[in-house]
Amino acid sequence: MTENIQKNLWGGRFQGAADPQFAEFNRSFGFDRRLFEADIRASLAHCDSLAGAGVLGPDEAQQLRAALEKVLASGEASPNYFDEIPAEDVHSFVEARLVEMVGDLGRKLHTGRSRNDQVATDVRLWLRDQIDLSDSILRNTEAALLDLAEANSNVVIPGYTHLQRAQPVLFAHWCLAYFEMLERDRERLKDVRKRVNVLPLGSAALAGTSYLIDRAAVARALGFDSAARNSLDAVSDRDFCVEFASAASLVMMHLSRLAEDIILYATNEFGFFELSDAVATGSSLMPQKKNPDSMELVRGKAGRVFGHLTGLLATMKGLPLAYNKDMQEDKEAVFDTVDTLRNCLNVTATVLRNLRVNKAQAEAAASRGYLNATELADYLARKGVPFRQAHEIVGRVVMKAIDQQRELNELSLEELRSFSPLVEDDVFAALSLEATLATKSQVGGTAPERVAEALTAARRRLAPD
Ligand code: ARG
């Protein structure tokens with residue numbers, strides 16, 4: 001029983017041992033070992049600040065530093081290293097390893113520090129690295145969109161509203177729409193990073209510390225922009241986790257919409273895309289099937305990340321200041337969000353890099369179904385007919401065309417003139433697919449020159465800062 005108490009970090013106040021089931025329930029080491037490297041980094045900085053405050057002598061600090069480096073090296077060398085001690089969490093694990101190596105000196109490192117400011121510091125350090133990584137992963141997916149756009153620069157697809165054929169657009173324009181979403185996502189993550197990059201250490205359990213540690217120096221040493229201004233807030237704040245999950249949710253929402261478009265366009269009914277065998281699956285029963293599982297999983301996993309966001313919000317909403325153990329629940333949500341995001345971005349990039357675009361099929365779809373009806377209304381409007389009236393006239397033309405199962409440009413000049421005498425033989429050029437695209441020539445439109453410019457600009461935006 002005494003042995004069990006000694007293994008905890010709070011032996012003195014306790015006479016009884018923890019219930020084994022509770023001890024297991026209380027443990028976070030199964031997952032928070034991912035913070036191991038960050039925990040050592042933060043401990044090294046804390047060690048230096050204790051030396052600066054005169055709490056540790058120069059030799060002691062040197063010894064502790066060497067021991068921390070050794071623990072790090074051992075952890076990196078062998079996964080078994082973590083399972084040899086049944087630690088409660090990563091912080092108690094590192095301390096136990098230090099004590100093993102340097103005895104009481106290892107117990108000195110926790111001076112002026114609590115696991116409350118320690119864990120908040122670790123998560124921030126870890127998440128900052130992950131956000132930096134996610135920037136390059138996002139760029140890779142964006143580059144895949146641009147490559148796909150360039151490889152299919154003359155492909156036209158039907159654009160939809162209400163999932164009804166609306167107006168033709170360049171396929172590259174569609175790619176660039178998703179590029180814009182991911183660009184906003186990158187910006188958002190950079191913005192979240194600012195609020196992640198604040199140092200809690202030095203806040204101790206909740207009230208701050210009485211030791212003369214130089215918090216600004218610790219912040220600098222760990223690459224933080226500043227030290228948190230309020231100790232109560234610093235140990236109880238998980239806004240940065242919520243913000244990250246929120247930014248990640250938006251990425252996932254975008255990937256999910258992209259996935260949905262791809263799934264839809266890869267059906268026989270649409271037939272614009274074919275997924276590579278590398279990212280599709282077959283059916284165990286139906287021999288003809290080629291299923292877009294990759295994209296379905298991305299769409300599905302969006303729900304999972306949204307779940308982490310709402311889970312974090314729900315965990316935090318009722319917590320009194322300052323630290324509460326509820327907050328240990330933040331880690332699995334953040335870790336899984338990071339992993340899911342990375343996997344989904346990577347799989348999406350692979351899908352895009354191997355997507356076959358069926359130009360003929362897409363163009364046929366863009367050429368049938370009255371996607372040029374707006375063109376005819378604009379044609380009449382340019383000849384002086386008020387647009388509302390032009391719209392009405394073209395509506396009647398479309399009715400007749402539907403009735404006869406013909407396209408607008410399959411009607412004769414005389415037939416068209418019977419609706420408006422302003423129609424002349426230049427109408428057929430105006431109704432062509434080329435003209436329909438070319439006239440959308442304002443900034444942001446789908447005219448080929450605008451899209452080519454947008455592609456070049458997108459490439460520039462993707463270049464590393
Ligand atoms: N494993 C804990 C967590 O993740 C570390 C902080 C523990 N602090 C405490 N006062 N029990 O939140």
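Just follow the structure's listing: the first ligand is 1, and inside any ligand the first atom is 1. All values below come from the heavy atoms of this structure, side chains included, with hydrogens, waters and symmetry mates left out. Small disclaimer: the values here were computed from a predicted structure and weren't measured.
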Review point. With ring centroids as reference points, do F273 and W174 lie under 6.0 angstrom apart?
Key: yes

[Y] ring centre to [X] NZ or CZ under 6.0 Å, with the angle to the axis within 45°?
| X | Y | value |
| --- | --- | --- |
| R124 | F240 | yes |
| R33 | F29 | yes |
| R97 | Y81 | yes |

Exercise for review: Show the numbers, then the answer: is there a side-chain hydrogen bond (donor to acceptor under 3.5 Å, both in side chains) between K325 and N26?
Suggested key: CA-CA 9 Å; K325 195 61 172 262; N26 196 35; 2.8 Å; yes

Residue and atom name of the nearest protein heavy atom (relative to [atom]), distance in Å to one decimal:
| atom | value |
| --- | --- |
| atom 1 (N) of ligand 1 | Q328 OE1, 2.7 Å |
| atom 11 (N) of ligand 1 | R115 NH2, 3.5 Å |
| atom 8 (N) of ligand 1 | N116 OD1, 3.0 Å |
| atom 5 (C) of ligand 1 | D89 OD2, 3.6 Å |
| atom 6 (C) of ligand 1 | Y323 OH, 3.4 Å |

**Study point:** ligand 1 contact by K331, heavy-atom criterion under 4.0 angstrom
**Key:** yes

Check your understanding: Counting each atom of ligand 1 from 1 as listed, which ones have a heavy atom of S28 under 4.0 Å away?
Key -> 1 (N)

Check your understanding: So, N291 side chain and D293 main chain: donor-acceptor pair closer than 3.5 Å or not?
Key -> no

